[in-house]
Amino acid sequence: MIDQDSDRDATIVQLSFGDRLGPLLDTESSEKLAMGEFFGIKSPEKKIDIDIATHVVVEDDGPKRSMLYIETADRPGLLLEIIKIIADTNIDVESTEIDTEGLVAKDKFHVSYRGAKLNSSLSQVLINCLRYYLRRPETDEDSY
């Protein structure tokens, strides 16, 4: 918290987390949340193995950044995995739009490399890394 009495140009910022977001923040519970178990809906006795195709696209989003679109099967820790891959390729994330429709994650990342949009070579490296890793959730971290 910033004290405006001491500094007139300061802004007060306060963060709090409510109990209703608890299941959303707990990555181990996201499968139960996606299946509706947290809301009293009984989950199926046999889990359905759905194969959701992974799509990764990079497009220009102005002269100084690119738009990274990712559509893949949602799972616990997915966003962390994506950010880790992006960071490992030294690409900066300026902003994101995160969306989940059922069991499908549809995410948009505004990205840049050293203040400029991604060139075709770097875009292809990023796409290849994401496709490889996201299609194989059991892959070792160091293998991409």
Side-chain angles (χ1 to χ4, degrees), residues 1-4 6-39 41 43-44 46-144:
M1 185 174 276
I2 300 171
D3 182 10
Q4 280 188 311
S6 301
D7 183 2
R8 293 181 188 199
D9 296 327
T11 303
I12 297 175
V13 178
Q14 185 174 4
L15 300 175
S16 62
F17 298 97
D19 289 338
R20 63 191 176 106
L21 294 179
L24 293 174
L25 300 174
D26 180 8
T27 56
E28 292 179 19
S29 302
S30 54
E31 181 180 354
K32 289 182 180 179
L33 183 66
M35 297 303 291
E37 293 178 31
F38 276 97
F39 304 108
I41 301 169
S43 66
K46 183 178 179 185
K47 300 288 183 188
I48 301 169
D49 185 21
I50 300 172
D51 188 22
I52 298 172
T54 297
H55 302 283
V56 181
V57 177
V58 175
E59 297 177 351
D60 288 347
D61 189 33
K64 295 190 176 186
R65 67 182 188 181
S66 299
M67 177 72 77
L68 168 64
Y69 297 96
I70 300 173
E71 184 174 314
T72 191
D74 194 20
R75 61 180 180 265
L78 175 64
L79 185 58
L80 179 63
E81 293 171 6
I82 292 171
I83 294 297
K84 192 172 184 182
I85 293 167
I86 293 171
D88 285 349
T89 54
N90 294 319
I91 294 172
D92 300 318
V93 176
E94 296 179 7
S95 64
T96 63
E97 297 174 35
I98 307 301
D99 189 20
T100 303
E101 295 178 9
L103 299 175
V104 180
K106 295 182 177 184
D107 303 334
K108 296 178 186 178
F109 298 84
H110 300 273
V111 296
S112 64
Y113 179 72
R114 297 185 179 179
K117 65 183 177 182
L118 307 185
N119 64 29
S120 61
S121 299
L122 189 54
S123 294
Q124 195 59 54
V125 167
L126 179 60
I127 289 169
N128 290 346
C129 288
L130 286 164
R131 282 183 182 160
Y132 177 79
Y133 193 74
L134 295 176
R135 286 184 181 163
R136 294 167 177 80
E138 306 302 323
T139 304
D140 290 336
E141 290 182 13
D142 298 331
S143 67
Y144 65 89

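FYI, side chains are in, hydrogens and waters are out, and symmetry mates aren't considered; it's all heavy atoms of this structure.
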**Qualifying residue for side-chain contact (heavy atoms from CB on, under 4.5 Å) with Val93, from Leu68, Ile82, Ile83** = Ile83
**Complete:** Taken to the nearest 0.5 Å, the spacing of Tyr132 OH from Ile85 CD1 works out to 11.0 Å
**Prompt:** How many angstroms lie between CZ in Phe109 and CG in Leu79, if you round to the nearest 0.5 Å?
**Reply:** 5.5 Å
Check residues 114-126 and write down every donor-acceptor pair under 3.5 Å in which the side-chain atom is one partner and the other belongs to a residue at least two apart or another chain.
residue : atom : partner : partner atom : Å
Lys117  : NZ   : Asp60   : OD2          : 3.2
Asn119  : OD1  : Ser121  : N            : 3.1
Asn119  : OD1  : Leu122  : N            : 2.8
Ser123  : OG   : Asn119  : O            : 3.0
Gln124  : NE2  : Asn128  : OD1          : 2.9

**Prompt:** What distance separates Tyr113 OH from Ile91 CD1, expressed to the nearest 0.5 Å?
**Reply:** 8.5 Å
**Fill in**
Taking every heavy atom of Cys129 against every heavy atom of Thr89, the minimum-distance pair comes out as SG-CG2, 4.4 Å
**Prompt:** Mind checking what makes side chain to side chain donor-acceptor pair (under 3.5 Å) contact with Glu94, not counting sequence neighbours?
**Reply:** Ser112
**Message:** Looking at every heavy atom in both Tyr133 and Arg75, which two are closest together, and how far apart are they?
**Reply:** O-NH2, 4.2 Å
Which donor-acceptor pairs under 3.5 Å do side chains of residues 97-108 form with protein atoms, sequence neighbours excluded?
residue : atom : partner : partner atom : Å
Glu101  : OE1  : Lys106  : NZ           : 3.0
Asp107  : OD1  : Asp99   : N            : 3.4

**Distance, nearest 0.5 Å, that separates CD1 of Ile70 from CG of Leu134** = 6.0 Å
**Asked** Which distance, rounded to the nearest 0.5 Å, do you find between the NE2 of His55 and the CD1 of Ile127?
**Response** 13.0 Å
**Request:** Report the residues that fulfil side-chain contact (heavy atoms from CB on, under 4.5 Å) with Ser95, sequence neighbours left out, ordered by chain and then residue number.
**Result:** Arg65, His110
